[in-house]
Structure formats: structure tokens, C-alpha cells
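Along the sequence shown, the residues carry numbers beginning at 1.
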Amino acid sequence: MRILLTNDDGIHAEGLAALERIARTLSDDVWIVAPETDQSGLAHSLSLSEPLRLRKISDKHFALRGTPTDCVIMGIKQVMEIKPDLVLSGVNAGSNVADDVTYSGTIAGAIEGTMQGVRSFALSQAYIREGDQRILPWEVCETHAPALLNKLMSVDLPEGTFLNLNFPNCAPDEVEGTEVTAQGKLAFNLEVDARADGRGFPYYWLKFGERAGAFVEGTDVNALKNRKISVTPLKLDLTDYSVQDRVARALSGTE
């Protein structure tokens with residue numbers, strides 16, 4: 001099995017090193033094309049106005065000055081002579097659940113792999129903060145992901161569907177199992193931090209406030225709260241079929 005790895009935290013991220021160790025439990029044919037720098041929050045963006053600079057680090061390890069989406073495209077179309085059997089994106093430093101999936105470059109790596117016709121999984125590791133430090137228990141995903149991926153490889157996924165895996169913040173032996181979940185809902189409470197530069201001109205940082213939401217049973221956020229690994233099937237088709245008839249009636253004047 002040929003596996004392509006990417007992420008959004010960058011080529012030197014601890015999570016990518018963890019992902020490579022996970023992937024090598026499945027195959028010896030592992031390739032990495034990851035962003036040269038942190039690309040968190042860029043979602044499924046393409047670099048169309050700037051050239052892509054590819055740098056070979058070592059055998060089958062490449063850094064790209066581009067987004068996770070760019071990395072998957074370059075990996076499949078340029079770097080690898082034969083199309084991979086699996087794309088793994090992550091392991092992200094922090095969970096990608098609820099509304100995270102619309103912002104996440106990690107999710108975007110799996111989206112692009114799916115668009116390229118390759119089975120794709122996104123992996124993310126939840127963490128806690130202690131002061132200014134993020135405490136990431138990488139051993140959780142490294143312990144549980146190999147067996148989980150082996151099982152998920154046998155699942156017959158429909159065209160346009162990929163899997164979003166999130167690992168809870170706890171010790172490996174404290175994980176309470178795996179749950180197949182739906183995408184939950186959390187409020188980001190994004191805030192704008194207004195500042196001034198040395199000449200008095202304004203500039204701004206986006207920052208996260210306290211995240212809030214309902215921990216509904218069966219959702220990804222609830223699974224992580226209860227120390228479970230969350231596996232959420234996501235799909236590329238964003239059509240809301242339940243509203244199609246309503247819109248059609250409004251346009252025809254019969255609503």
C-alpha cells in the first residue's frame with residue numbers, strides 16, 4: 001500500500017512525525033508532501049497567484065511552499081509516479097470537530113485526496129492548555145490509530161466520502177472506546193483584537209474566545225468529552241436536499 005501524508009501544521013510538526021510512525025505500521029511505502037510553514041485555518045485553499053516551491057528533504061520527504069490542498073495535488077500529480085492508495089492528513093495539534101471542519105487545513109488535505117479519487121482520512125489530537133503551553137498527548141493517537149486505520153481500510157466508502165478521526169485528550173489506557181459520530185456544533189466566539197503599530201496605524205488579530213456549545217449525544221464533540229475516539233464520515237456534496245423542493249416552489253410562485 002502506498003500512502004501519502006500531509007498536514008497543515010508544517011513539515012516540522014510533531015504531529016506529522018507521529019503520523020509517519022502510524023503510517024509505517026501499515027506500509028513501508030510512505031511519502032510525505034507537507035507545507036513548508038504553518039497553514040492552519042486556510043481550509044481548502046489553492047495557491048493560484050504564486051508559484052509552488054518544492055524542496056526535497058530526504059527520500060520520499062518533501063516540503064512545499066503552499067497549502068495542504070497544494071501538497072496533496074503536488075504529491076499525486078508531480079511527486080509520486082504511481083497514485084497512492086491512501087491519503088492521511090494530520091495528525092493535527094488540536095481537535096477538528098464541529099465547525100472546525102470548515103476552517104481546517106487538515107480536513108482540506110483529506111478533502112483534496114478524496115477529490116483526487118483516493119481513500120482519505122483526517123486525524124487530529126485533542127489537547128489541553130496549561131498556562132501558555134499546549135499539552136499534547138501524541139501517545140494516544142499513536143497507540144490507537146494503527147489498529148483503527150486497519151479496520152477502517154476495509155470500509156466501503158461511497159465516492160466523495162472521507163473519514164474525520166479525532167483522538168481524546170487523556171492517557172491511552174483511559175480511552176473509552178470508539179464512536180461513529182455526526183458533526184457537532186460549537187460557537188467559536190471569534191474576537192477581533194485591535195492594536196496599533198509603531199507609527200500609530202491600526203492592525204488586527206483574530207483570536208478565539210471561550211468556545212461554547214451543546215454536547216449532544218452522538219456528536220464528535222460529545223465523544224471527545226467522554227474520552228472516546230470520534231470517527232465522523234464527511235462528504236464533499238454540500239447540497240441540502242431537504243430544502244430543494246422548498247426553493248423550487250418559491251421560485252415557481254407556488255410557495
Side-chain angles (χ1 to χ4, degrees), residues 6 8 39-50 66-73 76-77 83 87 89-90 92 94-124 152 155-166 179-194 202 204-226 228 230-255:
T6 194
D8 71 354
Q39 301 290 298
S40 298
L42 292 186
H44 192 220
S45 57
L46 286 166
S47 297
L48 299 177
S49 301
E50 297 180 2
T67 68
T69 300
D70 299 329
C71 290
V72 174
I73 294 171
I76 294 174
K77 300 287 189 179
K83 198 173 187 178
V87 169
S89 184
N92 190 67
S95 61
N96 275 304
V97 294
D99 302 274
D100 295 337
V101 302
T102 62
Y103 294 105
S104 169
T106 302
I107 298 295
I111 288 175
E112 189 57 42
T114 305
M115 291 179 67
Q116 296 293 331
V118 181
R119 178 183 292 265
S120 300
F121 303 150
L123 295 85
S124 301
L152 294 176
V155 178
D156 183 17
L157 295 176
E159 183 178 351
T161 295
F162 63 98
L163 299 181
N164 180 27
L165 283 59
N166 282 273
E179 183 177 353
V180 180
T181 58
Q183 181 182 341
K185 178 66 179 175
L186 284 176
F188 266 92
N189 293 327
L190 277 170
E191 299 174 2
V192 177
D193 184 4
Y204 307 90
W205 283 104
L206 291 180
K207 68 176 184 178
F208 293 110
E210 188 67 27
R211 300 177 71 182
F215 292 91
V216 178
E217 186 174 350
T219 62
D220 45 17
V221 290
N222 193 65
L224 289 187
K225 180 184 178 183
N226 290 289
K228 292 182 179 180
S230 168
V231 179
T232 310
L234 300 175
K235 60 181 183 178
L236 304 182
D237 185 355
L238 301 180
T239 307
D240 188 343
Y241 294 98
S242 67
V243 182
Q244 281 184 312
D245 289 343
R246 196 182 312 162
V247 174
R249 289 195 300 272
L251 293 176
S252 65
T254 59
E255 184 67 54

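Of all non-hydrogen atoms in A223 and S230, the two that sit nearest each other are CB-CB, 4.0 Å. Counting all heavy atoms, side chain and backbone alike, Q183 lies closest to A98 at NE2-O, 2.9 Å. Here the shortest heavy-atom pairing between D8 and G41 reads OD2-N, 4.2 Å. The two atoms that bring S120 and A110 nearest to each other are CB-O, 3.3 Å, heavy atoms only. When all heavy atoms are compared, the tightest approach of F162 to K235 is CE2-N, 4.5 Å. Contact between S47 and G66 at its shortest, heavy atoms only, is OG-CA, 4.1 Å.
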CA sep, side-chain torsions, deciding dist, call: V72, I76, side-chain contact (heavy atoms from CB on, under 4.5 Å): CA-CA 6 Å; V72 174; I76 294 174; 3.9 Å; yes
Pair T67-L46, side-chain contact (heavy atoms from CB on, under 4.5 Å): steps then yes or no: CA-CA 7 Å; T67 68; L46 286 166; 5.7 Å; no
Verdict with reasoning, T239 to Q244, per side-chain contact (heavy atoms from CB on, under 4.5 Å): CA-CA 9 Å; T239 307; Q244 281 184 312; 3.9 Å; yes
Step-by-step side-chain contact (heavy atoms from CB on, under 4.5 Å) determination, T219 to T181: CA-CA 5 Å; T219 62; T181 58; 5.6 Å; no
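How far NZ of K185 is from CG of D220: 12.0 Å, rounded to the nearest 0.5 Å. For the atom pair F215 CZ and L186 CG, the distance stands at 6.0 Å (nearest 0.5 Å). To the nearest 0.5 angstrom, M115 atom CE is 6.5 Å from L236 atom CG. For the atom pair CD of Q39 and CG of D70, the computed distance is 8.0 Å after rounding to the nearest 0.5 Å. Distance check: K77 NZ to Q116 CD gives 4.5 Å after rounding to the nearest 0.5 Å. With rounding to the nearest 0.5 Å, the separation of SG in C71 from CD in E112 is 11.0 Å.
Counting only distance, with no hydrogens or angles, the side chain of S89 and the backbone of T106 share a donor-acceptor pair below 3.5 Å.
Remark: of the listed residues N96, V231, T232, V231 is the sole one forming a side chain to side chain contact (heavy atoms under 4.5 Å, CB included) with L165.
For the pair S104/N92, no side-chain contact is recorded, criterion being any heavy-atom separation below 4.5 Å from C-beta on. At a threshold of 4.5 Å between non-hydrogen side-chain atoms, the residues D100 and S95 count as touching.
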